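First comes the structure, then the notes that go with it.
Predicted model only: the values in this text are computed from it and were never measured.
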Amino acid sequence: SDMSVGTTANMKLGEFKVHKTEGNARRATLMTAHGPVQTPVFMAVGTKATVKAMTPEELKDCGTQVVLGNTYHLHLRPGEKTIKKMGGLHKFMNWHGPILTDSGGFQVFSLSNLRKMSEEGVEFRSHLDGAKYFISPEKSMEIQMDLGSDIIMAFDECLQYPATDAEIEKSMALTYRWLLRSKAAMTRKESLLFGIVQGGLSLEHRLKSLEQVTSVDLPGYALGGFSVGEPIHLMHELLPNVAPKMPAHKPRYLMGVGTPTDLIIAIDAGIDMFDCVIPTRVARNGTIYTWQGKVSIKRTEYREDDSALDPECDCYTCKNYSKAYLRHLFLSGEILGSRLNTIHNIHFYMKLMEKAREAIAEGRWAQFRDDCLTRFVKKSK
Ligand code: GUN
Ligand code: ZN
């Protein structure tokens with residue numbers, strides 16, 4: 001179990017202790033200013049200073065260790081200066097565990113209008129009201145420091161798929177220069193700065209970007225540029241050739257990924273950290289992840305089914321409510337349906353990571369991995 005790895009009491013800020021490995025898979029602990037993080041870890045996405053539909057108490061009860069916030073959204077509304085005045089993001093949202101913030105680059109490219117890229121940074125118009133903004137590496141660091149983030153992401157450019165070799169090369173070179181500027185500007189002692197490897201979906205470019213980014217000494221490194229519309233098999237094939245080449249004694253974070261199957265494949269390649277909107281977003285659309293795969297709560301066969309969503313789940317939703325009731329809430333558009341489905345899916349993702357940690361620690365990762373893949377492949381992607 002998580003307790004079997006010894007004390008974390010003497011760990012220093014930013015320290016990353018690998019307790020056990022099996023193949024490329026790792027069981028480790030990362031120390032942040034708001035406490036230790038047991039990895040592999042799935043971080044719940046709380047873009048606008050809230051994990052949609054869940055209170056911090058519910059997140060904790062589901063086993064959540066880290067919440068992710070977004071520079072882009074919080075800069076536009078309510079503004080990092082307001083959050084700073086309110087005592088920082090932890091106090092503002094009443095989440096007192098570790099917080100990781102994304103740097104804004106990715107969101108500027110996916111959400112904002114009329115972007116103008118330059119060496120200096122990105123000018124864009126807000127998706128909320130069209131107002132003009134400018135974010136540079138220095139500005140992104142200032143925002144994330146004002147938020148009081150425990151793990152700050154470097155300001156990067158995330159290319160869309162497909163991209164030409166020339167576009168990839170230009171973009172990863174810019175991302176590297178922005179990383180140097182991010183590092184110079186990130187002066188907050190309590191925060192850990194993570195660099196982001198780009199390089200598109202080509203192994204050659206990935207390894208070049210990896211070499212550039214890891215030449216900068218940082219407490220952690222991420223793989224960005226996935227989940228940008230590429231066929232998923234490209235990522236599955238790339239990860240085992242890239243993740244094991246990342247520094248062995250530093251955390252490895254795969255950004256914006258993924259399904260339960262993706263997480264198992266990535267852990268097997270040596271990834272330690274994940275975030276993704278999938279479990280929360282699909283819950284609000286009535287999609288439920290279970291140990292038997294993915295199902296829709298809408299199904300007619302659940303109309304008079306008084307069993308729980310997942311007989312193997314001990315979340316608040318499964319302990320107290322039937323499929324028939326959850327189907328009724330969903331079809332009625334009731335807000336409680338979104339809440340109960342989200343609690344279940346977050347609990348499922350956290351339990352999957354807890355079981356992965358235990359399996360690695362106990363030397364039965366390969367068996368656990370294969371069991372998960374046969375279970376999930378039947379009904380889910
Ligand atoms: N989230 C998912 N992918 C990315 C990426 O490439 N860069 C950043 N900053 N965030 C991401
Ligand atoms: Zn459940």
- Can you list every ring-ring contact (aromatic ring centres under 6.0 Å, His included) pair that touches residues 143-163, not counting sequence neighbours? Phe155-Trp178
- Should Thr280 and Asn345 be marked as a side chain to side chain contact (heavy atoms under 4.5 Å, CB included) after you check the CA-CA gap, both sets of side-chain angles, and the distance that decides it? CA-CA 7 Å; Thr280 42; Asn345 276 357; over 6 Å; no
- Item | Distance-minimising heavy-atom pair for His73 and Thr47 | ND1-CG2, 3.1 Å
- Message: Taking Ile135 as the starting point, is it possible to reach Met117 by hopping between hydrophobic residues whose side chains are less than 4.5 Å apart?
- Response: yes
- Query: Mind checking whether Ile168 and Leu201 have side chains closer than 4.5 Å, heavy atoms only?
  - Reply: no
- Between Thr342 (side chain) and Ser338 (backbone), is there a donor-acceptor pair under 3.5 Å? yes
- Query: For Gly256, does its backbone N or O pair with a side-chain atom of Ser227 as donor and acceptor, under 3.5 Å?
  - Reply: yes
- Val197 with Met172, same ILVMFWY side-chain cluster at under 4.5 Å: no
- Message: Counting C-beta onward and ignoring hydrogens, is there a side-chain heavy-atom pair between Lys17 and Thr8 closer than 4.5 Å?
- Response: no
- Task: Any chance you could lay out the salt bridge (charged side-chain N to carboxylate O under 4.0 Å, His left out) test for Lys81 and Glu142, step after step, and finish with the verdict?
- Result: CA-CA 10 Å; Lys81 299 299 176 198; Glu142 183 189 328; 3.1 Å; yes
- Item | Leu254 with Met43, same ILVMFWY side-chain cluster at under 4.5 Å | no
- Polar side-chain atom of Asp310 near backbone of Cys318 as donor-acceptor pair, under 3.5 Å: no
- Query: When you measure from the centre of the six-membered ring of Phe226, is the NZ or CZ of Arg206 under 6.0 Å away and within 45° of the axis?
  - Reply: yes
- So does Lys139 pair up with Glu120, basic N to acidic O under 4.0 Å? no
- Item | Test item: Ser140 side-chain N/O and Ser103 main-chain N/O as donor-acceptor pair under 3.5 Å | yes
- Out of curiosity, does Val37 fall in the hydrophobic cluster containing Leu68 (side-chain heavy atoms, cut-off under 4.5 Å, transitive links)? yes
- Task: Tell me, yes or no, whether the heavy-atom count around Ile335 atom CD1, taken from other residues, nucleotides or ligands under 6.0 Å, exceeds 12.
- Result: no
- Which of His19, Glu22, Gln38 passes side chain to side chain donor-acceptor pair (under 3.5 Å) with Arg27? Answer is Gln38
- Task: State whether a side-chain donor-acceptor pair under 3.5 Å links His96 with Asn94.
- Result: yes
Per-pair distances, 0.1 Å, donor-acceptor, side chain in residues 213-221, under 3.5 Å, sequence neighbours excluded:
unit_1	atom_1	unit_2	atom_2	d
Thr214	OG1	Leu210	O	2.6
Ser215	OG	Gln212	O	2.6
Asp217	OD1	Lys250	NZ	3.2
Tyr221	OH	Val216	O	2.6
Tyr221	OH	Leu218	N	3.1

- Message: Are there over 12 heavy-atom neighbours, none belonging to Arg115, within less than 6.0 Å of that residue's CZ?
- Response: yes
- Message: Can you confirm whether Thr71 sits close enough to Gln107 that some side-chain heavy atom of one is under 4.5 Å from a side-chain heavy atom of the other?
- Response: no
- Cys313 side chain reached by Thr290 side chain, heavy atoms, under 4.5 Å: no
- Message: Heavy-atom count check: over 12 atoms from other residues, nucleotides or ligands less than 6.0 Å from Glu204 CD?
- Response: no
- Check the side chains of Tyr253 and Asp275 for a donor-acceptor pair under 3.5 angstrom, ignoring hydrogens and angles. yes
- Relative to the ring of Tyr321, is the ring of Tyr325 parallel (under 30°), tilted (30 to 60°) or perpendicular (over 60°)? parallel
- With side chains defined as the heavy atoms from C-beta onward, is the minimum distance between Ile278 and Tyr349 less than 4.5 Å? yes
- Does Arg281 CZ have over 12 foreign heavy atoms under 6.0 Å away? no
- Query: Side chain of Thr39, backbone of Ala28: donor and acceptor closer than 3.5 Å?
  - Reply: yes
- Task: Please report the closest heavy-atom contact between Arg339 and Ala53, naming both atoms and the distance.
- Result: NH1-O, 2.7 Å
- Of Gln367, Arg369, Arg375, the residue whose pairing with Asp371 passes side-chain contact (heavy atoms from CB on, under 4.5 Å): Arg375
- salt bridge (Lys or Arg N to Asp or Glu O under 4.0 Å) involving Asp150 - partner list, sequence neighbours excluded: none
- Message: On a heavy-atom basis, which atom in Leu331 and which in Lys298 lie closest, and how many Å separate them?
- Response: CD2-CG, 4.3 Å
- Closest approach of Arg188 and Met145, non-hydrogen atoms and distance? N-SD, 3.5 Å
- Taking 4.0 angstrom as the limit, do Glu312 and Lys351 come out as a salt bridge? no
- Indicate whether the side chain of Asp61 and that of His347 have a donor and an acceptor atom separated by less than 3.5 Å. no
- Ignoring hydrogens and geometry, is there a side-chain-to-backbone donor-acceptor pair from Ser182 to Ala154 under 3.5 Å? no
- Message: Show, in sequence, the C-alpha distance, side-chain angles and deciding distance for Arg327 and Arg299, and conclude whether the side chain to side chain contact (heavy atoms under 4.5 Å, CB included) test is met.
- Response: CA-CA 8 Å; Arg327 175 176 183 270; Arg299 294 163 69 147; 5.8 Å; no
- Message: Would you say Gln198 and Thr175 are linked by a side-chain donor-acceptor pair, where the criterion is simply a distance under 3.5 Å?
- Response: no
- Note on the structure: Shortest non-hydrogen pair, Val18 vs Ala248, comes out as CG2-O, 3.9 Å
- Message: Using the rule given for side chain to side chain contact (heavy atoms under 4.5 Å, CB included), can you reason through Leu352 versus Ile264, listing the C-alpha separation, both sets of side-chain angles and the distance that settles it, and then say yes or no?
- Response: CA-CA 9 Å; Leu352 179 63; Ile264 296 295; 4.0 Å; yes
- Query: For the residue pair Met273 and Leu100, what are the closest heavy atoms and their distance?
  - Reply: CE-CD1, 4.1 Å
- Message: Applying side chain to side chain contact (heavy atoms under 4.5 Å, CB included) to Phe42 and Cys276, what does each step give before you reach the verdict?
- Response: CA-CA 8 Å; Phe42 181 82; Cys276 190; 3.8 Å; yes
- Do Pro40 and Ile360 come within less than 4.5 Å of each other through their side chains, counting heavy atoms only? yes
- Message: Has Asn113 got a side-chain atom pairing as donor or acceptor with His127's backbone, closer than 3.5 angstrom?
- Response: no
- Query: Do we see a donor-acceptor contact under 3.5 Å between the side chains of Asp305 and Ser307?
  - Reply: yes
- Task: Determine whether Leu74 and Ile143 make a side-chain contact, defined as any pair of heavy atoms from C-beta on separated by less than 4.5 Å.
- Result: no
- Message: Donor-acceptor check, side chain of Asn341 to backbone of Ala283, threshold 3.5 angstrom: yes or no?
- Response: yes
- Query: Say you draw a straight line from CG of Asp314 to NZ of Lys319; how long is it, rounded to the nearest 0.5 Å?
  - Reply: 6.0 Å
- Query: Regarding Lys20 and the six-membered ring of Trp365, is the cationic atom NZ or CZ under 6.0 Å from the ring centre and inside 45° of its axis?
  - Reply: no
- Is there a donor-acceptor pair under 3.5 Å between the side chain of His34 and the backbone N or O of Ser149? no
- Item | Heavy-atom side-chain proximity of Tyr133 to His75 below 4.5 angstrom | yes
- Val257 with Val45, same ILVMFWY side-chain cluster at under 4.5 Å: no
- Over 12 non-hydrogen atoms of neighbours within 6.0 angstrom of NZ in Lys60: yes
- Does the ring center of Tyr72 lie less than 6.0 Å from the ring center of Phe124? yes
